[in-house]
Amino acid sequence: MITEVAGLIDEARAFAAMEIRPYAATFDEEQQISAGLIRKMADKGYLGASFPAMYNGLALDAVSYGLLTEQIGKACASTRSLLTVHTSLVGEAILRFGTESQRMNWLPEMAAGNKIGAFALTEPGAGSDARSIVTAYRRHKDKYVINGRKKWISFAAIADFFLVIARNGTDISAFIVDAKSPGVSVVPMKGLLANRAAHLAEIEFCEVEVPEENRLGKEGFGFTYIVNTALDHGRYSIAWAGLALAQEALEAMNAYSIQRKQFGRKIFLHAPVQAIIAEATTGVHAARSLCLRAGSMRQTKHKDALMETIIAKCFTAKLAMKVTTDAVQVHGGNGCSKEYPVERLFREAKILEIIEGTTQIHQEAIAEFSVRQYGMR
Amino acid sequence: MEVREKIRHFITANFIISNEEADVSFEDHENIFSLGFVNSMFAMKLLNYIESEFGFRVDNDDININNFKSVDNMVLLVNKMRGALT
Ligand SMILES: Cc1cc2nc3c(=O)[nH]c(=O)nc-3n(C[C@H](O)[C@H](O)[C@H](O)COP(=O)(O)OP(=O)(O)OC[C@H]3O[C@@H](n4cnc5c(N)ncnc54)[C@H](O)[C@@H]3O)c2cc1C
C-alpha cells in the first residue's frame with residue numbers, strides 16, 4: 001500500500017476510535033447517528049472517498065476504499081451504512097451514469113456532506129424481486145410525475161435527495177428526487193433489529209414532480225444499468241462491512257478470553273474456546289483475502305469482478321453472522337447484555353445477509369457462475 | 001481471437017444453465033436478451049467486459065441495449081470506439 005493511503009487508513013482508524021466507537025451504543029439506543037458525526041466524516045473527505053478529485057473526492061482506489069469502509073464499519077455499522085448508501089450506491093451511480101452537469105451538480109455537494117443521498121428501490125411488495133416495483137412515473141410536459149411507496153430506505157429520514165427507481169409500463173428508470181419536493185412524505189422506521197441508527201424510513205410519493213434534468217441515465221435503463229451498478233458497488237461495500245464486523249467480534253472475543261476466568265483459569269485456556277477462536281481467525285483471514293481479491297479485480301476491471309464481489313459479500317456476511325454469534329458465546333451471559341459491544345455486533349451481522357441482495361439470491365448467481373467455470377470439462 | 005469470437009465466447013460462457021441447454025445456439029444478428037438464457041446482471045457484465053477487454057469506456061450515449069443486443073451490434077460498437085480512439 002502506498003504510504004499516503006496507509007496514512008489515511010491509520011487516520012480513519014484513529015477517527016473511528018475517537019469519534020465513532022465510543023458513541024456507537026448510544027447511536028443504537030437513540031436510533032440515530034448524529035448530524036455532527038456526518039459533518040466530521042464529510043470534513044475528513046470520507047463521504048466522497050471513492051469519487052475522483054475533480055468532484056472533491058479522495059480518489060481512493062477500490063482496495064483503499066474497502067479498507068476505509070472496514071475501519072468505519074468496525075466501529076459502527078449504521079455509520080458505515082452511510083458510506084454504503086450515500087457514497088457507494090448513490091454516488092457511484094451518478095458518477096457512472098450522470099451527465100457531466102449532473103456529476104458537477106451532485107458529487108461535490110455529496111462529498112462535502114451538504115447533500116445526503118439515499119437509494120430508493122425496495123417497496124413493501126418488491127424486495128428480492130426488485131423488477132416488480134410498482135412505484136410509477138409518467139411524463140408530463142418537460143417533467144416527470146412519480147407516485148408510489150418505498151420502504152426500508154436507509155438514511156431516507158435525513159436525506160436531501162433520493163435516487164428513486166420507478167416504472168412506466170415495462171420501462172424502469174431512475175430519478176434524482178429532492179426530498180423537499182411537494183408530495184414527498186417520509187415516515188421514519190423505528191424499533192429495528194439493527195442498523196437502528198441508519199435513519200431508515202418509508203417514503204411516499206404523491207404526484208411528485210421531477211424536472212427532466214433529474215432523470216439519471218436514459219429512460220428504461222434504470223434497472224439494467226443503474227440498479228445493477230449501484231448494487232454492485234453496494235455489495236462491495238457490504239463485503240467489507242462483513243469483514244469489519246467479523247474482525248471487531250474476533251478482537252472482542254480474544255480480549256475477553258484472556259480476561260475472564262472460570263474453573264480457576266482464563267477461559268482462553270479451555271480447548272473448546274480456543275477452537276472457537278481458531279475457527280473465527282481462519283474465517284476472518286479468508287474473508288480478508290476475498291475482499292482484497294475482489295478489490296484488486298475491480299481495479300483492473302477484471303471481467304469476473306462483479307461475480308467475485310458477490311462471492312466476497314456472500315461469504316463475509318455469513319462469516320460475520322458466525323463470528324459474532326461465536327463472540328457472544330465466548331462472552332457467555334455478558335454477550336447477551338448491551339454492556340458489551342458483541343451484543344450489537346451480533347444483531348448488525350444479520351442485516352448483511354439480507355441487504356444488497358439476500359444470501360439465497362446470491363447463491364443462485366454464484367451457482368450459475370460456478371457451473372460455467374468449473375462444470376464444463 | 002477476433003473481436004467477434006471474443007464476444008461470442010463471453011456470451012456463451014455466461015448463458016445460464018437451463019433445460020433447453022442442448023438447443024442453445026444463436027446467430028450473430030440475433031437478440032441475445034430475447035433468447036432467455038441470460039440473467040438480470042448480464043447486461044452489466046457485458047458492459048464491463050467490453051470496456052475491460054477492449055480498453056475503452058463506453059459513453060453514456062452509447063449505453064443503449066440496442067448496441068449490446070447482438071454480436072453484430074457489439075462488433076460495430078467496438079469498431080466505432082476503436083476508430084474514435086485512433
Ligand atoms: C437495515 C436495512 C436497510 C435497507 N436499506 C435499503 C435501502 O437503503 N434501499 C433499498 O432500496 N432497500 C433497502 N433495504 C431493503 C433490502 O434491500 C431488502 O430487504 C432485500 O432486498 C430483501 O427483500 P425483502 O426484504 O422484500 O425480502 P424478500 O425478497 O421477501 O425475501 C424473503 C426471503 O425469501 C427469499 N427469497 C426470495 N426470493 C427468492 C428466490 N428467488 N430464491 C430463493 N430465495 C428467495 C429471500 O432470500 C429471503 O430469505 C434495506 C433492508 C434492511 C433490513
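Naming convention: chains lettered A, B, ... in sequence-line order (proteins, then strands); numbering from 1 in each chain. Note that the coordinates shown come from a computational prediction; the quantities given were computed from them, not determined experimentally.
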message: Under 6.0 Å from the ring centre and within 45 degrees of the ring axis: does the NZ or CZ of A:R298 meet both conditions for the six-membered ring of A:Y236?
response: yes

Heavy-atom donor-acceptor pair, A:N214 side chain to A:I176 backbone, under 3.5 Å: yes

B:T12 side chain vs B:H9 backbone, donor-acceptor pair below 3.5 Å: yes

Checking heavy atoms, do the side chain of [X], its backbone, both or neither come under 4.5 Å from chain A?
| X | answer |
| --- | --- |
| B:F33 | neither |
| B:F42 | neither |
| B:A13 | backbone |

Non-hydrogen atoms of chain B under 4.5 Å away: do they reach the side chain of [X], the backbone, both or neither?
| X | value |
| --- | --- |
| A:R96 | both |
| A:I310 | side chain |
| A:A367 | neither |
| A:Y225 | both |

Salt bridge (Lys or Arg N to Asp or Glu O under 4.0 Å) evaluation trace for A:K303 with B:E53: CA-CA 8 Å; A:K303 69 178 172 49; B:E53 180 64 41; over 6 Å; no

- request: Begin with the C-alpha distance, continue with both residues' side-chain angles, and end with the deciding distance and a verdict on salt bridge (Lys or Arg N to Asp or Glu O under 4.0 Å) for A:E123 and A:K151.
  value: CA-CA 5 Å; A:E123 299 178 358; A:K151 191 174 180 185; over 6 Å; no

message: Using a 6.0 Å cut-off, check whether atom CD of A:E100 has over 12 heavy atoms from anything other than its own residue.
response: yes

- prompt: Relative to chain A, which of B:L47, B:N14, B:N48 shows the most heavy atom pairs under 4.5 Å?
  reply: B:L47

